[in-house]
Amino acid sequence: MLKDFSLYYPILDLFLAIMCPYMICFASVLVVLDETDMKINRYITITPLGKKGYLISRLLIPVLFAAIVSFVLLSFCSVSVSYTHLRAH
């Protein structure tokens with residue numbers, strides 16, 4: 001029976017790195033879907049923001065935010081890095 005779970009720590013880090021951006025972008029896409037269902041996006045595209053600005057604000061900005069959050073989260077909460085640091089002492 002496996003008693004040392006340190007082999008699975010990089011997998012947990014990978015899961016953490018994938019889930020955070022996935023959830024942020026999923027919420028953003030659901031907002032776009034809701035606005036499309038309610039036909040709000042037609043009104044937003046005729047504003048000075050335009051269709052391109054609308055898509056950038058709804059899709060690109062959350063992706064950049066998710067990348068930053070993922071980087072910060074992995075920098076401070078990485079299981080495999082903190083475990084190897086503790087194991088070295």
Side-chain angles (χ1 to χ4, degrees):
M1 184 149 195
L2 183 68
K3 292 185 180 183
D4 186 22
F5 293 109
S6 63
L7 298 173
Y8 297 106
Y9 289 164
I11 295 172
L12 291 173
D13 287 341
L14 183 64
F15 180 73
L16 184 67
I18 291 172
M19 285 308 292
C20 183
Y22 176 77
M23 290 298 187
I24 293 172
C25 293
F26 185 73
S28 175
V29 169
L30 283 180
V31 168
V32 172
L33 182 64
D34 188 45
E35 289 175 349
T36 304
D37 285 345
M38 294 176 21
K39 297 182 178 40
I40 295 174
N41 60 349
R42 291 181 187 174
Y43 301 112
I44 293 175
T45 56
I46 61 172
T47 63
L49 188 62
K51 191 173 192 174
K52 189 175 183 179
Y54 169 73
L55 288 176
I56 287 173
S57 70
R58 293 293 189 226
L59 299 177
L60 187 63
I61 292 173
V63 167
L64 294 175
F65 177 69
I68 292 169
V69 168
S70 181
F71 176 74
V72 169
L73 193 63
L74 285 177
S75 295
F76 292 110
C77 301
S78 180
V79 177
S80 61
V81 174
S82 62
Y83 178 74
T84 56
H85 174 59
L86 290 175
R87 195 173 196 187
H89 286 74

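On a predicted model such as this, the values are computed, not experimentally measured, just so you know.
Put simply, V32 and L55 are part of the same group of oily side chains (I, L, V, M, F, W, Y) that touch within less than 4.5 Å, one to the next. Placement of I24 and F76 in two distinct hydrophobic clusters is found when ILVMFWY residues are connected by side-chain heavy-atom separations under 4.5 Å, directly or transitively. Side-chain heavy atoms closer than 4.5 Å link hydrophobic residues (I, L, V, M, F, W, Y) into clusters, and following such links, even through other members, never connects L14 to M19.
Evaluation of the salt bridge (Lys or Arg N to Asp or Glu O under 4.0 Å) rule for R42 yields no partner, not counting sequence neighbours. Under the rule for a side chain to side chain donor-acceptor pair (under 3.5 Å), Y22 has no partner lying at least two apart in sequence or in another chain. Applying the side-chain contact (heavy atoms from CB on, under 4.5 Å) test to L30 and every residue at least two apart in sequence or in another chain returns F26, L33. Considering only residues two or more places apart in sequence or on other chains, T45 meets the side chain to side chain donor-acceptor pair (under 3.5 Å) condition with none of them.
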Sequence neighbours excluded and cut-off under 3.5 Å, please list the side-chain donor-acceptor pairs for residues 58-75, or say none.
{"residue": "R58", "atom": "NE", "partner": "E35", "partner atom": "OE1", "Å": "3.4"}
{"residue": "R58", "atom": "NH2", "partner": "E35", "partner atom": "OE2", "Å": "2.8"}
{"residue": "S75", "atom": "OG", "partner": "F71", "partner atom": "O", "Å": "2.7"}

Identify all side-chain donor-acceptor contacts of residues 46-53 below 3.5 Å with residues at least two apart in sequence or on another chain.
{"residue": "T47", "atom": "OG1", "partner": "I44", "partner atom": "O", "Å": "2.5"}

